[in-house]
There are 2 protein chains.
Amino acid sequence: MEMEKASVICKLFGDKTRLTIMKILDSQDCCVCELVEIFQVSQPSISQHLRKLRDIGLVKEERRGQWIFYAMNKQHEAYAFVQTILVNLPDQDDKLKELEEKGIRITCC
Amino acid sequence: MEMEKASVICKLFGDKTRLTIMKILDSQDCCVCELVEIFQVSQPSISQHLRKLRDIGLVKEERRGQWIFYAMNKQHEAYAFVQTILVNLPDQDDKLKELEEKGIRITCC
DNA sequence: TAATCATATAAGCATATGCTTATATTTTCA
DNA sequence: TGAAAATATAAGCATATGCTTATATGATTA
């Protein structure tokens, strides 16, 4: 892991929303509307965060019908580095579980 | 490691100069003038980076005569987290070795 | 095929960041 | 004690960042 690349990744992880998105995607794929619901922030804001993560290839997108799902890119050269960071972070599964309970997960995706 | 705290640390590590400073301090204490020499940047710039790292307690300072040495704060609650990041980074010992060879390390500290 | 839904992009704005120069503070030493 | 060295702080500036609203695009469905 080069200094330059490591600092770029850390900078991306320096935003709490993005860091949390990464932790969520680490355990399961997720579509944009779910993230919007979770973070209670505008849809463009989430799209912009995802774009930054995608621009350096940390996540990949995949259209599934009407929705676009984002997923961790396990082929990324820095994937191992990313993991060493993410494993230290608290599980975020409750966030998606909440959506399910509210029925939003079903409706939306 | 809480999300909030992790993202604060990542943000600090998101600057290449600061990340490198941390990696250097991880292997040995260092005074400000050495870092100025290494990074070829103004002295206030280095001081400001160090201040940010010190403000959240990641590093500590200690006056030794005319100089102020900075060192890793191993007592920091996030020290383990910091280590998981730093161990992935390339050794920066050559930077200080260069200073020694140029005789700057001696002169200054 | 037109309306709707999900997402992306553009534009604008307030705040944050990192650097520089200028200056203050503290210590050392002739 | 006064000059010099090491460091910190202040101020100013250009650029980056993250958010919002408005709008464009692409897929679905009535």
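In what follows, chains are A, B, ... by sequence order, proteins preceding strands, each numbered from 1. Here the structure is a predicted model, which means the values were calculated and not measured.
Every residue two or more places apart in sequence or in another chain that forms a side-chain contact (heavy atoms from CB on, under 4.5 Å) with A:Arg63 is listed here: A:Ile68. Remark: A:Val87 engages A:Gln83 in a side-chain contact (heavy atoms from CB on, under 4.5 Å) (not counting sequence neighbours). Every residue two or more places apart in sequence or in another chain that forms a side-chain contact (heavy atoms from CB on, under 4.5 Å) with B:Glu77 is listed here: B:Lys5. Every residue two or more places apart in sequence or in another chain that forms a side-chain contact (heavy atoms from CB on, under 4.5 Å) with B:Thr84 is listed here: A:Asn88, B:Phe81.
Side-chain atoms of A:Val32 lie closest to C:dT7 of the nucleotides D:dA8, C:dT7, D:dA6.
When rounded to the nearest whole Å, the span between CG of A:Asp55 and P of C:dA8 equals 11 Å. Taking atom CD on A:Glu37 and atom P on C:dC5, their separation rounds to 15 Å, with Å as the unit. At whole-Å resolution of the value, CD in B:Glu34 and C1' in D:dA6 are 12 Å apart. Rounded to whole Å, atom P of D:dT28 lies 11 Å from atom CD1 of A:Ile68. Atom-to-atom, NZ of B:Lys16 to P of D:dA16 comes out at 17 Å; the value is rounded to the nearest Å. One interatomic measurement links the two molecules: CH2 of B:Trp67 to C1' of D:dT7, which rounds to 13 Å at whole-angstrom precision.
Side-chain N/O atoms of B:Arg51 include none lying less than 4.0 angstrom from OP1 or OP2 on D:dA8. The shortest distance between the side-chain N/O atoms of A:Tyr70 and the OP1/OP2 oxygens of C:dA6 is not below 4.0 Å.
Rounded to the nearest 0.5 angstrom, B:Leu25 CG and B:Leu53 CG are separated by 8.0 Å.
Residues A:Asp93 and A:Ser27 bring a donor and an acceptor atom of their side chains to less than 3.5 Å of each other.
For DNA chain D, the residues of residues 58-66 of chain B within the heavy-atom distance limit of 4.0 Å (strictly under) are B:Glu61, B:Gln66, sorted by number.
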Close N/O contacts between protein and nucleotides 18-22 of chain D (under 3.5 Å):
residue	atom	partner	partner atom	Å
D:dG18	OP1	A:Arg18	NH2	3.0
D:dG18	OP2	A:Arg18	NH1	3.0
D:dG18	OP2	A:Arg18	NH2	3.3
D:dG18	OP2	A:Lys52	NZ	2.7
D:dC19	OP2	A:Ser45	OG	2.9
D:dC19	OP2	A:His49	NE2	2.5
D:dC19	O5'	A:Ser45	OG	3.4
D:dT20	OP2	A:Ser42	N	3.2
D:dT20	OP2	A:Ser42	OG	2.6
D:dT20	O4	A:Gln48	NE2	3.1

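Summarising the geometry of B:Ala6 relative to A:Leu19, their closest heavy-atom pair is CB-CD2, 3.8 Å, with the distance given to 0.1 Å.
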(request) Please assess A:Leu12 against A:Ile56 for the test side chain to side chain contact (heavy atoms under 4.5 Å, CB included), listing each intermediate value before the final yes or no. (result) CA-CA 10 Å; A:Leu12 283 174; A:Ile56 67 161; 3.2 Å; yes
(message) Walk me through whether A:Arg64 and A:Asp29 qualify under salt bridge (charged side-chain N to carboxylate O under 4.0 Å, His left out).
(response) CA-CA 11 Å; A:Arg64 294 188 202 162; A:Asp29 299 358; 2.9 Å; yes
